[in-house]
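The structure appears right after this line, and notes come after that.
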Amino acid sequence: MPLNIVVCVKDTPESLSIQVDPATRRVRHEGVKTAINPFDEYAVEEALRIKEKLPGTTTTVVSVGPPEAEGALREALSRGVESAVLVSGPEFAGSDTFATSKALAAAVRKLDLSQPVHLVLFGKSSNDGNSGIVGAQVAAWLKWPSAVSVKKVESVSDQGVTVTRMLEDGVDTLKLGLPACVSTVKEINEPRLPSLKGKLAAKKAAIPRWGAADLGLAAADAGSAGSLARIMSESLPPPRPGGMRVEGATPAEKAAKLVAILVERKLI
Ligand SMILES: Cc1cc2nc3c(=O)[nH]c(=O)nc-3n(C[C@H](O)[C@H](O)[C@H](O)COP(=O)(O)OP(=O)(O)OC[C@H]3O[C@@H](n4cnc5c(N)ncnc54)[C@H](O)[C@@H]3O)c2cc1C
């Protein structure tokens, strides 16, 4: 049976362009180059692979973010996802993971009304907020089973999804009844590149925007009003001191000196 799959993708600053505003000590998002969160590319790829195995399966990407987050959605469309929705509006400003996951869950519920959603996929974490909890939170709001750190989808059908999870000291395999939420890790697959045809189609695709009212959320449920956390300060790690150069006439001599230094410092 074909499935309906939703993938949650976040638009995040490209890692090298993260800057902190010296005045507010908050990560600056304005004027910063953004892209699809790299970990979400694996979730998109997994949805596309399931679609290829189960013809008729539909895939939809959803993002909560400012208008620029359309870029991440179009990137997913260019790889073969059929439709996208952007959850956006000033009412979402200041959302913590609690409010963000509530908005994502409300979007999944709205999609579920037009055609039942079977599976919601997430990346491991975002490369800016890096909480790694939004997938599990969405599952909690929906009251659906959830698995995180999934490195392999063993099988999926209308009977359920069987996944292998990475644990700290091993792996385990579990079967979830559908609908379910699954957060993937980068070991799961190798994401494809977009095709030229896909890029052209993605450029033209219409992406509906849903605000809090479209999702049936009250003002108190969204943005800072609906959040439980407050950011006290944000900063980048201090710059690393310059490294050490190991001199030597040959690579073997350099390696021997390096080993001696590491032994002396009790690092090996
Ligand atoms: C008090 C407070 C105020 C904040 N205010 C803002 C703000 O004004 N604007 C702002 O942009 N951020 C804001 N943030 C950050 C925002 O809450 C997080 O970016 C968001 O909740 C996701 O958390 P994360 O990045 O840690 O995601 P993780 O939990 O690390 O992400 C896991 C996975 O969930 C999915 N996911 C995560 N976020 C989204 C999303 N937005 N859309 C779709 N899928 C997603 C992706 O699949 C991702 O791989 C604020 C945070 C706090 C604590």
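Just so it is clear, the values below take in all heavy atoms, side chains as well, and ignore hydrogens, waters and symmetry mates. Just follow the structure's listing: the first ligand is 1, and inside any ligand the first atom is 1.
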Please work out whether any backbone atom (N, CA, C, O) or any side-chain heavy atom from C-beta onward of [X] is under 4.0 Å from ligand 1, and answer side chain, backbone, both or neither.
X: Val134; answer: both
X: Ile231; answer: both
X: Val9; answer: backbone
X: Thr12; answer: neither
X: Phe122; answer: both
X: Ser101; answer: neither

Do the side-chain N and O atoms of [X] and [Y] include a donor-acceptor pair separated by under 3.5 angstrom?
X: Gln137; Y: Thr97; result: yes
X: Asp128; Y: Thr12; result: no
X: Ser95; Y: Ser227; result: no

Minimum-distance pair of heavy atoms, taken over all atoms of Asn127 and Pro38: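 Scanning both residues completely, I find the closest heavy atoms to be ND2-CD, 3.6 Å.
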Backbone or side-chain N or O of Phe92 under 3.5 Å from ligand 1 N or O: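 By distance alone, the answer is no.
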Mark up the atoms of ligand 1 that fall under 4.0 Å of a heavy atom belonging to [X], in ascending order.
X: Thr97; value: 17 (O), 21 (O), 23 (O)
X: Ser63; value: 42 (N), 43 (C)
X: Asn37; value: 49 (O)
X: Ile133; value: 29 (O)
X: Ala229; value: 1 (C), 53 (C)
X: Leu104; value: 43 (C), 44 (N), 45 (C)

Expected output: side-chain [X] to main-chain [Y] donor-acceptor under 3.5 Å:
X: Ser157; Y: Gln159; answer: yes
X: Thr184; Y: Phe122; answer: yes
X: Lys102; Y: Leu217; answer: no
X: Ser63; Y: Leu86; answer: no
X: Arg109; Y: Leu215; answer: no
X: Glu91; Y: Ala222; answer: no

Please work out which of [options] has its closest non-hydrogen atom nearest to [atom].
atom: atom 47 (O) of ligand 1; options: Cys8, Ser125, Ala136; answer: Cys8
atom: atom 6 (C) of ligand 1; options: Ser95, Ala69, Gly123; answer: Ser95
atom: atom 49 (O) of ligand 1; options: Asn127, Asp40, Ile36; answer: Asp40

Distance, nearest 0.5 Å, that separates CG of Leu142 from OG of Ser101: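 Leu142 atom CG to Ser101 atom OG measures 9.5 Å (nearest 0.5 Å).
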Sub-4.0 Å heavy-atom approach of [X] to ligand 1:
X: Val62; value: yes
X: Gly65; value: no
X: Gly132; value: yes
X: Ala93; value: yes

Among Glu45, Glu46, Glu41, the one residue meeting salt bridge (Lys or Arg N to Asp or Glu O under 4.0 Å) with Arg192: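 Option passing the salt bridge (Lys or Arg N to Asp or Glu O under 4.0 Å) with Arg192: Glu45.
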